[in-house]
Amino acid sequence: MDSDGLSFRRGLVYSICFVSGLWMVEGIEYISNVDFRILGIYPRTLRGTVGIITSPLIHDDLFHLLSNSFPLLFLGVAIAFFYRRIAYKLIIGLYLGTGIMVWLLGREAFHIGASGLVYAMIGFLLFSGLVRKEPQSTAISLAFLFLYGGVLQGVFPDAVKGNVSWESHLLGLLVGIISAFYFRNEGEE
């Protein structure tokens, strides 16, 4: 079995499992008629620390979950395929780093959803090629800029509607950029 095919299949399976888990959480919330938002990140409070782990698993509604599901699948596969040596520690770092940053710097409100992780993954994929200065990494960055460049407006408070956590978007993007610098000398196949 070739390495590329294995990396692609692993990335696809893990991404599908993660996204399926998000849908299961949404289903449990719906069936039990319990509001899981209280498990989101509530910045700078002890009770809000649990949200560092749980907030990406909780979504406001089906549209919110759906809007995160496809990017998580696509970006998860891309990271597993293009950065297979560091994919696991990278994803864990992006997940926890975004949560910690939102807990430290977010406004006083419950922050839920996986969009912070989506923005962290986009940030890493966009900037990794720029800091590595390698042709393949740069091509990957340019492809993701083309595909996801429009979502960057979501990091500005005036660009998002309602109670969307623009802080999760912005801080996730920053965690992704920092990770691109941190992992600049390792991980690409």
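All values reported here derive from a predicted model rather than from experimental measurement. Sequence positions, counted from 1, serve as the residue numbers for this chain.
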Between Val25 and His59, is a side chain to side chain contact (heavy atoms under 4.5 Å, CB included) present by the stated rule, with each step listed? CA-CA 9 Å; Val25 168; His59 289 79; over 6 Å; no
Can any side-chain N or O of Ser7 pair as donor or acceptor with the backbone N or O of Asp4 at less than 3.5 Å? no
Phe81 six-ring centre to Arg84 NZ/CZ under 6.0 Å and within 45° of normal: yes
Taking the side chain as everything from C-beta on, heavy atoms only, tell me whether Phe36 gets closer than 4.5 Å to Leu57. no
I want to know whether Phe124 and Phe82 have ring centres closer than 6.0 Å. no
In the structure I gave you, are the side-chain heavy atoms of Val164 and His64 within less than 4.5 Å of one another anywhere? no
Between Val34 and Glu29, what is the shortest heavy-atom contact and its length? O-CG, 2.8 Å
Please tell me whether Leu75 and Phe146 are part of a single hydrophobic cluster in this structure, the criterion being side-chain heavy atoms less than 4.5 Å apart. yes
For the residue pair Pro56 and Gly51, what are the closest heavy atoms and their distance? CD-O, 4.0 Å
Are the side chain of Tyr95 and the backbone of Ile52 linked by a donor-acceptor contact shorter than 3.5 Å? no
Distance in Å, Ile58 CD1 paired with Asp60 CG, rounded so as to fall on 0.5 Å steps: 11.0 Å
Between the OG1 atom in Thr54 and the CD1 atom in Ile112, the distance rounded to the nearest 0.5 Å is 10.0 Å
Please check: side-chain N/O of Trp103 versus main-chain N/O of Thr45, any donor-acceptor pairing under 3.5 Å? yes
Could you go through the side chain to side chain contact (heavy atoms under 4.5 Å, CB included) check for Thr98 and Tyr119 one step at a time? CA-CA 9 Å; Thr98 300; Tyr119 274 80; over 6 Å; no
Should Val19 and Ile92 be counted in the same cluster of Ile, Leu, Val, Met, Phe, Trp and Tyr side chains packed under 4.5 Å apart? yes
Starting from Leu96, can I reach Tyr182 by hopping between I/L/V/M/F/W/Y residues whose side chains sit under 4.5 Å apart? yes
Leu73 and Val77: CA distance, side-chain angles, deciding distance, side chain to side chain contact (heavy atoms under 4.5 Å, CB included) verdict: CA-CA 6 Å; Leu73 286 170; Val77 170; 5.7 Å; no
Considering only NZ, NE, NH1 and NH2 on the basic side and carboxylate oxygens on the acidic side, decide whether Glu186 and Arg85 come within less than 4.0 Å. no
Are Leu72 and Val13 connected into the same hydrophobic cluster when the rule is that any two of I, L, V, M, F, W, Y join if their side-chain heavy atoms are below 4.5 Å apart? no
Heavy-atom distance under 4.5 Å between the side chains of Arg107 and Trp166, does that happen here? yes
For the residue pair His111 and Ser165, what are the closest heavy atoms and their distance? ND1-OG, 2.6 Å
Heavy-atom closest pair (Ala80 atom, Ala87 atom, distance to 0.1 Å) is CA-CB, 3.9 Å
Do you reckon Leu39 sits in the same ILVMFWY cluster as Met24, going by side-chain contacts under 4.5 Å, direct or chained? no
Quick check on Tyr88: does its OH atom have over 12 non-hydrogen neighbours (other residues, nucleotides or ligands) under 6.0 Å away? yes
How close do Ala78 and Phe144 get, counting heavy atoms only, and between which atoms? CB-CZ, 3.5 Å
Supply the atom-to-atom distance Leu94 CG to Leu173 CG, rounded to the nearest 0.5 angstrom. 11.0 Å
So how far is it from Leu174 CG to Glu167 CD, rounded to the nearest 0.5 Å? 12.0 Å
Would you say that Val50 contacts Ile41 through its side chain, given a criterion of any heavy-atom pair below 4.5 Å between the two side chains? no
To the nearest 0.5 Å, how far apart are CD1 in Ile79 and CG in Leu90? 5.0 Å
Any donor-acceptor pair under 3.5 Å from Thr138 side chain to Gly129 backbone: yes
Correct closest heavy-atom pair for Val175 and Gly93 would be CG1-O, 4.2 Å
Ring centroid separation Tyr83 to Phe183 under 6.0 Å: no
Could you name each residue pair satisfying side-chain hydrogen bond (donor to acceptor under 3.5 Å, both in side chains) that touches residues 13-27, not counting sequence neighbours? Trp23-Ser69
Drop me the distance from Leu125's CG to Ser141's OG, to the nearest 0.5 angstrom. 7.5 Å
